[in-house]
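These values consider heavy atoms only, across backbone and side chains, with no hydrogens, waters or symmetry-generated copies.
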Amino acid sequence: MPGTDGRVVVGPLRPFCRRELQRDPVSAARALLNALLSCSGRLVRIVEVEAYEGSKDPASHAFGGRTPRNATMFAEAGHLYVYLSYGIHHCANVVCGPAGEAGAVLLRAATPVAGLEGADVAAGRLGADRLASGPGRLCRALGITRAHDGIDLLDPGAAVRLWRDDLVPPRRALCDGRVGLSERCGDALYWPWRFVVPGAAAVSRPVPGRRARRPV
DNA sequence: TGGTAGATTGGC
DNA sequence: CCAATCTACCAG
């Protein structure tokens, strides 16, 4: 399937394996690199993610227990958790981890593959490769909103779906501290839980002081 | 019941 | 550097 800018899908799309997501958030995060996400007839390839654990991760929305907003983080792995950031931007997560434990992988950046050429995608002054760069822009590019919160990404009938093709996760992902956390997260600021496909354009800049940037 | 900070982004 | 704008959480 050719993209608007020369990028392509490698081999047939098949649904992402739920089992890959039922492991701990860090393993699930690594597994999601180079996976594909579709919504509204658009398709992107995930190139930057962050892992969030439930109860022991001060940066997690689920750290303080279940609330109306974070309820989906407690759902079965493979569901979509969408929250509103700063009252404006939607951010998409893939729920992960063993049943009964809250966990999620924040999708921070993706590469356009197909369907992003429409005028409705705010192509205005952002280059095509930046359309889905950043968690807020990723959702805007795909048309994901809180209305999609709680859907099963592995359900063949779902509006948002998660796919795998023949491009597997990188053997060595770039890895460093998570972006955007408040200082009160303490130690967790430096946990190397952000993962990036090496060489991917338009991913978040590492936070100064948290920039390990070493393949792990 | 009001104040504030936040897994962000774009504009001045 | 700051505003936009909604939710969760905490102080009083």
Side-chain angles (χ1 to χ4, degrees), chain A residues 21 24-26 28-30 32-33 37 44 46-75 79-97 101-110 112 116 120-150 160 173-196 201-212:
Chain A
L21 302 172
D24 63 283
V26 166
R30 293 176 172 286
L32 282 166
L33 290 178
L37 192 68
V44 301
I46 297 163
V47 295
E48 177 187 2
V49 297
E50 284 176 357
Y52 287 87
E53 201 269 333
S55 54
K56 300 176 195 119
D57 177 4
S60 169
H61 285 171
F63 184 58
R66 191 183 183 118
T67 69
R69 176 177 70 161
N70 70 22
T72 300
M73 279 188 75
F74 295 81
H79 284 67
L80 179 68
Y81 167 48
V82 184
Y83 69 92
L84 204 50
S85 179
Y86 292 85
I88 301 176
H89 308 288
H90 296 275
C91 295
N93 298 252
V94 178
V95 174
C96 64
E101 287 181 32
V105 175
L106 173 66
L107 306 180
R108 288 198 58 90
L116 282 267
D120 54 34
V121 199
R125 52 183 163 279
L126 274 180
D129 57 343
R130 295 263 162 102
L131 276 176
S133 174
R137 283 194 289 256
L138 185 151
C139 281
R140 192 181 58 179
L142 284 170
I144 293 174
T145 71
R146 185 128 171 93
H148 294 105
D149 178 63
V160 189
L174 296 178
C175 164
D176 56 25
R178 293 172 290 182
V179 174
L181 308 195
S182 83
E183 295 300 319
R184 60 179 293 291
C185 292
D187 188 47
L189 285 170
Y190 306 99
W191 297 355
W193 281 15
R194 185 176 84 100
F195 302 96
V196 177
V203 297
S204 304
R205 282 174 47 216
V207 178
R210 275 181 249 162
R211 48 192 181 320

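Closest approach to the A/Pro68 side chain among B/dA7, C/dA8, B/dT8 is made by C/dA8 (side chain taken as heavy atoms from C-beta onward). Here the nucleotide nearest the side chain of A/Tyr52, chosen from B/dA7, C/dC6, B/dG10, is B/dA7. Nearest nucleotide to the A/Ser182 side chain, out of C/dT5, C/dC6, B/dG6: B/dG6. Out of B/dT8, C/dT7, B/dA7, the shortest distance to the side chain of A/Arg69 is found at C/dT7. The listed nucleotides are B/dG6, B/dA7, C/dA4; the one nearest the side chain of A/Tyr81 is B/dA7. The side chain of A/Thr67 lies closest to C/dC9, out of B/dA7, C/dA4, C/dC9.
Put simply, A/Arg108 has a side-chain N or O that comes within less than 4.0 Å of OP1 or OP2 on B/dT8.
Listed by chain and residue number, nothing satisfies the ring pair (Phe, Tyr, Trp, His ring centres under 6.0 Å) test with A/Phe63 (two or more places apart in sequence, or in another chain). When the side chain to side chain contact (heavy atoms under 4.5 Å, CB included) test is applied to A/Ala62, the partners found at least two apart in sequence or on another chain are A/Ser60, A/Asn70, A/Met73, A/Phe74, A/Ala102.
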Please, what dot-bracket string fits DNA chain B when only Watson-Crick and G-U pairs with both distances under 3.5 Å count, crossing ones use [ ] and pairs to another strand use |?
-> ||||||.||||.
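No hydrogens or angles were tested; on distance alone, nothing pairs the side chain of A/Tyr86 with the base of B/dA5 as donor and acceptor under 3.5 Å.
A/Leu107 places its CG atom 12 Å from the C1' atom of B/dA7, with the value rounded to the nearest Å. Rounded to an integer number of Å, the gap from NE2 of A/His90 to P of C/dT5 is 13 Å. Taking atom CD of residue A/Glu183 and atom P of nucleotide B/dG6, one finds them 9 Å apart after rounding to whole Å. Taking atom CG of residue A/Asn93 and atom P of nucleotide B/dT8, one finds them 11 Å apart after rounding to whole Å.
Taking atom P on both C/dC2 and B/dT4, the two are 16 Å apart, rounded to the nearest angstrom.
No contact: A/Asn70 has no heavy atom under 4.0 Å from any strand. Residue contacts for A/Leu106: at a heavy-atom cut-off of 4.0 Å it reaches a base atom on one of the strands shown.
Projected onto DNA chain C by closest heavy-atom contact, A/Arg146 and A/Ser85 fall at different nucleotides, the more 5' of which corresponds to A/Ser85.
Looking at A/Tyr190, A/Phe195, A/Trp191 one by one, the single match for ring pair (Phe, Tyr, Trp, His ring centres under 6.0 Å) with A/Trp193 turns out to be A/Trp191.
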